[in-house]
Amino acid sequence: MEQISNEFEKLVKKQKLTNNQTQINIDKLINHINDSIQKIDNDDSQSGTTLTLLSNKLKTLTSQTIDNHKELYSSISKYSKSIDKKLKTNLDTLWKPNVLSGKEDIINSILMSHFIREGQFDLAETFSKESNIPISDEKKNQFQDLFNIVEAIKRKDLGPALKWASEKRDILKRNNSNLEFELHKLQYVQYLINNDIPSAIQYAKSNFGIFGETNFKDIKRLVCSILYIKHLDNSPYSDLLAPSLWDDIESQFKRDFCSIYGFSSESPLFEAVMVGASSIPPLIKIDTILKVTKNIDWSANSELPVEIPLLDSQRYHTVFTCPVSKEQVDCNGKDNYPTMLLCGHIISKESLLGLCKGNNIYRHKFKCPYCPTESIEAQAKRVYF
């Protein structure tokens, strides 16, 4: 992969060089045209000669531009062949080309939502018109507010974020979020950095009081840090100056903002692509194994043959895999759901019925698949995650 990365960097440099050279040639051509127009306006009798010279210059610049682009396309071709040579894995068996057939509206809606979440509002408006998918003004306005506040945070202006957090204080409290305090904490530290002790003390008096019950230890630490204000970077409170605090508060603000309005913290399209990319290696492995050992094409079924490892941040639904059937079970299902046996082991309802081997739920005992304990179906309880 290092070789591919190096070749890609070379390709990027070549593309930038070609772009600059093309732009220079275009600017030259515009100047030649303007000069020719000026000459013809001054002396119409020399128009033939002027146009001939312009034509020659046009051919020269065009030839140079074409040659530059040929070199670029040659580099792109070499890079493509290098990728094919290094990555020989055939991914055709890992995807279904028709799985999204007839779902263009859904795809367009997801794309437009992604544009809005990324702050590309003009692009979202254009895409909405071309795809005939209506754009939600409410959602657009919400994310415009988010990006305006985030831009202010990047400028180290916490005013808009503090105002928003104050207005949403009750909701943030219900969500067990300490966003407002963290914002006040960061604003207080800015006074310390500026050696403005009176403003820092006044700010602490005005804003830290309401957080006394939940953040008393942090408040004591912040107030005591004033004692080291002249050399805060070499004090026990040097962590208050960490540049990462700004990145952390930005990420926390985005998470809490999205949580309040019912959005995921990351774009669903981004998460889908990330999960899909991370699933490729295990799918390649299981596909190879199945074909070698059993000559089975797992993609013929509407399920994955192996569990895909996900980050905690990528899990949005509770998932239970029955240890007996090895199948995932819908925790909110009506017919098949997780059940706990008398011994405490959990299996699916379908596996439970299979173990009972009878209709009388009070008679037919069965042994737990994982311990010697015997139970009857009536003793099993549904489990809610």
Side-chain angles (χ1 to χ4, degrees), residues 1-92 95 97-98 100-101 104-105 107-133 135 140 147 151 154 267 269-270 272-274 276-277 280:
M1 293 301 293
E2 183 178 355
Q3 182 179 353
I4 294 178
S5 178
N6 292 336
E7 291 179 359
F8 178 75
E9 291 178 0
K10 292 179 182 178
L11 179 61
V12 170
K13 291 180 181 178
K14 183 64 177 178
Q15 187 273 335
K16 290 181 178 179
L17 178 61
T18 302
N19 178 68
N20 293 335
Q21 290 175 338
T22 302
Q23 189 61 51
I24 291 173
N25 288 339
I26 291 174
D27 291 339
K28 287 182 178 179
L29 178 59
I30 293 174
N31 292 333
H32 289 321
I33 292 174
N34 290 332
D35 291 342
S36 298
I37 293 174
Q38 187 66 35
K39 289 179 180 179
I40 293 174
D41 289 340
N42 294 335
D43 187 2
D44 187 36
S45 62
Q46 299 295 325
S47 59
T49 303
T50 302
L51 292 176
T52 300
L53 293 174
L54 177 62
S55 177
N56 293 333
K57 292 177 181 179
L58 173 60
K59 290 178 181 179
T60 302
L61 292 173
T62 302
S63 178
Q64 291 176 357
T65 303
I66 292 174
D67 290 341
N68 291 335
H69 278 266
K70 283 182 178 180
E71 293 178 4
L72 175 62
Y73 293 142
S74 177
S75 299
I76 294 174
S77 178
K78 290 179 181 178
Y79 177 68
S80 177
K81 291 178 181 178
S82 176
I83 293 178
D84 293 338
K85 184 178 180 181
K86 293 291 182 181
L87 306 176
K88 296 181 180 180
T89 304
N90 184 7
L91 302 180
D92 290 343
W95 69 296
N98 298 323
L100 296 176
S101 178
E104 287 78 8
D105 288 346
I107 297 174
N108 289 338
S109 179
I110 293 173
L111 287 171
M112 186 172 66
S113 177
H114 178 75
F115 296 148
I116 293 175
R117 291 186 65 106
E118 294 299 310
Q120 299 178 354
F121 302 110
D122 293 338
L123 179 58
E125 289 281 0
T126 302
F127 189 82
S128 173
K129 294 177 182 178
E130 295 183 357
S131 62
N132 294 322
I133 301 293
I135 191 170
K140 178 183 174 183
F147 278 93
E151 285 299 319
K154 289 180 178 179
S267 165
L269 179 62
F270 173 80
V273 171
M274 292 299 294
I280 292 177

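Rounding to the nearest 0.5 Å gives a distance of 11.0 Å between CG of Leu11 and OG of Ser77. Summarising the geometry, atom CG belonging to Leu111 is positioned 11.5 Å from atom CD belonging to Glu104; distances are rounded to the nearest 0.5 Å. Atom CG of Leu72 and atom OG1 of Thr18 lie 4.5 Å apart (nearest 0.5 Å). Interatomic distance, Glu125 CD to Met112 CE, rounded to the nearest 0.5 Å: 9.0 Å. Rounded to the nearest 0.5 angstrom, Asn25 CG and Lys57 NZ are separated by 13.5 Å. With values rounded to the nearest 0.5 angstrom, Lys28 atom NZ is found 10.0 Å from Asn31 atom CG.
Remark: side-chain polar atoms of Asn56 are paired, donor with acceptor, to backbone N or O of Thr52 under 3.5 angstrom. Listed for the Asn19 side chain is no donor-acceptor partner under 3.5 Å among the backbone atoms of Gln15. With Ser36 contributing its side chain and His32 its backbone, the two residues share a donor-acceptor pair below 3.5 Å.
Between Asn132 and Asn108 the shortest side-chain heavy-atom distance does not fall below 4.5 Å. Residues Ile66 and Lys70 meet the side-chain proximity criterion, which asks for heavy atoms closer than 4.5 Å.
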Could you go through Thr65 and Ile26, starting from their C-alpha distance and side-chain angles, then the distance that decides it, and tell me whether this counts as side chain to side chain contact (heavy atoms under 4.5 Å, CB included)? CA-CA 9 Å; Thr65 303; Ile26 291 174; over 6 Å; no

Would you please test Ile135 and Ile116 for side chain to side chain contact (heavy atoms under 4.5 Å, CB included) and show each step? CA-CA 9 Å; Ile135 191 170; Ile116 293 175; 3.7 Å; yes

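When the ring-ring contact (aromatic ring centres under 6.0 Å, His included) test is applied to Tyr79, the partners found at least two apart in sequence or on another chain are Phe8. In this structure Ser267 satisfies the side chain to side chain donor-acceptor pair (under 3.5 Å) test together with His114, sequence neighbours excluded.
The environment of NZ in Lys39 is sparse: at most 12 heavy-atom neighbours from other residues, nucleotides or ligands sit within 6.0 Å. The number of heavy atoms from other shown groups lying within 6.0 Å of CG (Asp122) does not exceed 12.
Classification of Lys78 and Glu7 as a salt-bridged pair fails, no side-chain N sitting under 4.0 Å from a carboxylate O.
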